[in-house]
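What you see is a predicted model, and the numbers here were worked out from it, not measured in a lab. Values reported hereafter were calculated over all heavy atoms of this structure, with side chains retained and with hydrogens, waters and symmetry mates removed.
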Amino acid sequence: MEVSTPGRICLFGEHQDYLGLPVIAMAISLRAKIVGERRMDKEVIIHKPDISETERFLINDTGYQRQRDYFRSGINVCRKEGLKFSNGFECEIRSDIPIKAGTSSSSAIVVSWINFLSQVADSPSKWSNEKIGELAYKAEVEEFEEPGGMMDQYSTAIGSVVYLESDPEISVEVLDASLGHFVLGDSGDQKDTLTILSHCRDMRLDIMNKIRPLNTGFDLNSCGHDLDLSSLNDHERSLFHCTIENRDLLRQARSELDRSELDHELIGSLLDQHHSILRDHLSVSTDKIETMISAAANAGAIGCKINGSGGGGCMFAYAPDDPQSVADAIESVGGKASLINADEGTKVLTS
């Protein structure tokens with residue numbers, strides 16, 4: 001049994017989905033792969049050669065041993081959906097996706113794991129990719145009460161370019177957008193995802209809670225800038241306004257991505273604007289990321305932004321005309337570059 005799942009970049013809506021705002025994400029042509037089979041005994045063995053680790057436990061021993069114990073949580077979530085596992089299984093996980101770098105390497109593995117489990121259960125289940133994304137979100141976020149949104153799981157499961165809304169209910173639309181080449185640049189600096197997510201989320205949720213009592217019917221999806229913000233200090237007002245600006249940038253990008261012929265320069269400009277807000281107001285960029293973005297822009301990229309929670313990890317450049325020159329420029333300043341395109345979602349390659 002072989003299952004493959006892509007990583008992802010967030011085009012628009014970075015640091016917005018956990019506020020109930022929409023995102024536009026793109027699955028990328030760097031993928032995680034699980035190859036495995038059922039065992040005759042009850043043992044679950046997971047080989048992770050990329051990080052020189054092997055994990056072992058019994059199929060019925062699924063009490064969590066640590067935070068982010070995703071292999072056990074995946075089994076537990078699948079059992080809640082009615083799957084049964086009479087035997088263990090042994091598998092190997094490999095990935096081309098940068099680790100702890102903002103490209104959803106962990107979510108791609110969890111999505112692959114849920115897909116794999118659906119196939120090796122006593123009675124295999126043919127879940128849709130959207131259902132697999134939903135269960136991966138439960139396994140990765142809800143089971144451990146973590147602060148992330150659901151972009152990573154749904155976008156890697158479904159693939160292509162997706163527009164995702166989570167409020168008032170989950171809605172996913174695949175966009176038929178003919179985007180060109182991108183270049184992913186890995187800074188090599190690992191980031192503290194949970195700390196950054198908690199900080200960026202919690203401070204803005206606190207701002208919304210201060211705004212609501214003074215603005216009847218307040219709705220972050222539809223409000224403008226003309227609210228009573230007297231309960232906020234100057235820094236909080238700035239954070240609120242930049243959140244609205246990012247929301248509106250996404251809406252402009254969504255409108256453009258729906259067109260049959262894209263204005264690639266406009267898409268690039270919107271990416272630049274989105275990055276500027278993330279850098280200047282949420283303070284999630286780094287000196288090395290900025291150096292890589294400058295090098296990419298000077299080499300002909302028409303738009304760049306940091307990817308993921310920030311504080312390290314990756315950036316990407318939109319370079320439909322000459323991606324190799326942009327990749328070379330990123331590597332010239334110490335980044336690791338990969339040429340990427342939109343790719344399909346999780347899939348079973350062999351059974």
Side-chain angles (χ1 to χ4, degrees), residues 1-8 27 30-101 103-127 129 131-146 148 152-153 156-157 159 190 193-194 344-351:
M1 171 70 59
E2 183 175 342
V3 176
S4 172
T5 302
R8 71 99 186 100
L30 300 176
R31 304 180 70 93
K33 182 171 68 175
I34 292 180
V35 178
E37 59 186 4
R38 291 190 187 94
R39 291 175 58 87
M40 299 303 292
D41 58 19
K42 303 290 186 181
E43 192 168 19
V44 176
I45 304 175
I46 305 159
H47 302 286
K48 308 175 221 177
D50 292 344
I51 55 174
S52 302
E53 287 184 6
T54 296
E55 187 169 340
R56 297 171 180 261
F57 56 90
L58 297 178
I59 189 64
N60 294 319
D61 179 21
T62 52
Y64 301 138
Q65 303 299 306
R66 61 186 183 279
Q67 189 75 1
R68 315 187 93 186
D69 197 350
Y70 295 149
F71 296 107
R72 286 183 171 90
S73 67
I75 293 172
N76 290 337
V77 164
C78 287
R79 279 182 167 145
K80 291 175 185 176
E81 291 293 316
L83 296 190
K84 298 184 187 308
F85 304 97
S86 298
N87 296 83
F89 20 85
E90 185 165 2
C91 60
E92 179 180 272
I93 297 174
R94 291 186 180 273
S95 179
D96 299 324
I97 308 166
I99 297 173
K100 295 183 179 179
T103 46
S104 297
S105 60
S106 64
S107 293
I109 289 171
V110 175
V111 166
S112 293
W113 181 238
I114 298 293
N115 201 354
F116 174 80
L117 291 173
S118 75
Q119 301 300 307
V120 298
D122 294 355
S123 298
S125 181
K126 293 185 179 294
W127 287 329
N129 281 20
K131 178 68 173 180
I132 292 170
E134 173 195 342
L135 297 181
Y137 172 75
K138 289 180 178 179
E140 194 172 357
V141 178
E142 289 187 355
E143 285 291 303
F144 302 102
E145 298 181 346
E146 293 196 349
D152 296 359
Q153 298 80 18
T156 57
Q190 292 194 351
T193 300
L194 290 180
E344 58 188 320
T346 188
K347 57 184 179 180
V348 178
L349 299 177
T350 58
S351 58

Which atom pair, heavy atoms only, marks the closest approach of [X] to [Y]?
X      : Y      : value
Asn60  : Arg79  : OD1-NH2, 3.1 Å
Ser112 : Ala32  : OG-O, 3.9 Å
Thr5   : Ile97  : O-CD1, 4.2 Å
Ile114 : Cys78  : CD1-SG, 3.9 Å
Ala136 : Val111 : CB-CG2, 3.6 Å
Tyr70  : Glu146 : OH-OE1, 3.4 Å

Between atom [atom1] of [X] and atom [atom2] of [Y], what is the distance when rounded to the nearest 0.5 Å?
X      : Y      : atom1 : atom2 : value
Asn115 : Met1   : CG    : CE    : 8.5 Å
Gln190 : Lys100 : CD    : NZ    : 5.0 Å
Gln153 : Ser104 : CD    : OG    : 7.5 Å
His47  : Arg56  : NE2   : CZ    : 6.5 Å
Ser4   : Leu349 : OG    : CG    : 5.0 Å
Ile109 : Ile99  : CD1   : CD1   : 7.0 Å

Given the side-chain rings of Phe144 and Tyr64, with only the six-membered ring counted for Trp, is the space between their centroids under 6.0 Å?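 Yes, the ring of Phe144 comes within the 6.0 Å limit of the ring of Tyr64, centre to centre.
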
| message | For a side chain to side chain contact (heavy atoms under 4.5 Å, CB included) check, start with the C-alpha distance between Glu81 and Lys131, then their side-chain angles and the critical distance, and finish with the verdict. | response | CA-CA 11 Å; Glu81 291 293 316; Lys131 178 68 173 180; 3.1 Å; yes

message = Test of understanding: with ring-ring contact (aromatic ring centres under 6.0 Å, His included), list the residues that count as partners of Phe116, not counting sequence neighbours.
response =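 Phe116: ring-ring contact (aromatic ring centres under 6.0 Å, His included) contacts with Phe89, Trp113.
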
(message) Side chains of Thr62 and Asn76: any donor to acceptor distance under 3.5 Å?
(response)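 Yes.
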
Measuring only between side-chain heavy atoms, which start at C-beta, is [X] closer than 4.5 Å to [Y]?
X      : Y     : value
Phe85  : Ile75 : yes
Gln119 : Glu2  : no
Val110 : Ser73 : no
Arg39  : Ile45 : yes
Arg94  : Glu92 : yes
Arg72  : Asp61 : yes

Electrostatic pair Glu55:Arg66 at N-O distance under 4.0 angstrom: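 Salt bridge flag = yes for Arg66 with Glu55.
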
For atom [atom1] of [X], decide whether the heavy atoms of other residues, nucleotides or ligands shown that lie under 6.0 angstrom number more than 12.
X      : atom1 : answer
Lys347 : NZ    : yes
Gln67  : CD    : yes
Gln65  : CD    : yes
Lys48  : NZ    : yes

**Item:** Criterion side chain to side chain contact (heavy atoms under 4.5 Å, CB included) on Asp69 and Phe57, from CA distance to verdict
**Value:** CA-CA 12 Å; Asp69 197 350; Phe57 56 90; 5.8 Å; no

Backbone N or O of Gly88 within a donor-acceptor pair of the Asp41 side chain at under 3.5 Å?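 Flag not set: sc Asp41 to bb Gly88 has no pair under 3.5 Å.
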
Main-chain N/O of Gly159 paired with Arg8 side-chain donor or acceptor, under 3.5 Å =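 No: the side chain of Arg8 does not pair with the backbone of Gly159.
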
* Asked: Step by step, would you call Ser95 with Asp50 a side-chain hydrogen bond (donor to acceptor under 3.5 Å, both in side chains)?
  -> CA-CA 7 Å; Ser95 179; Asp50 292 344; 5.2 Å; no

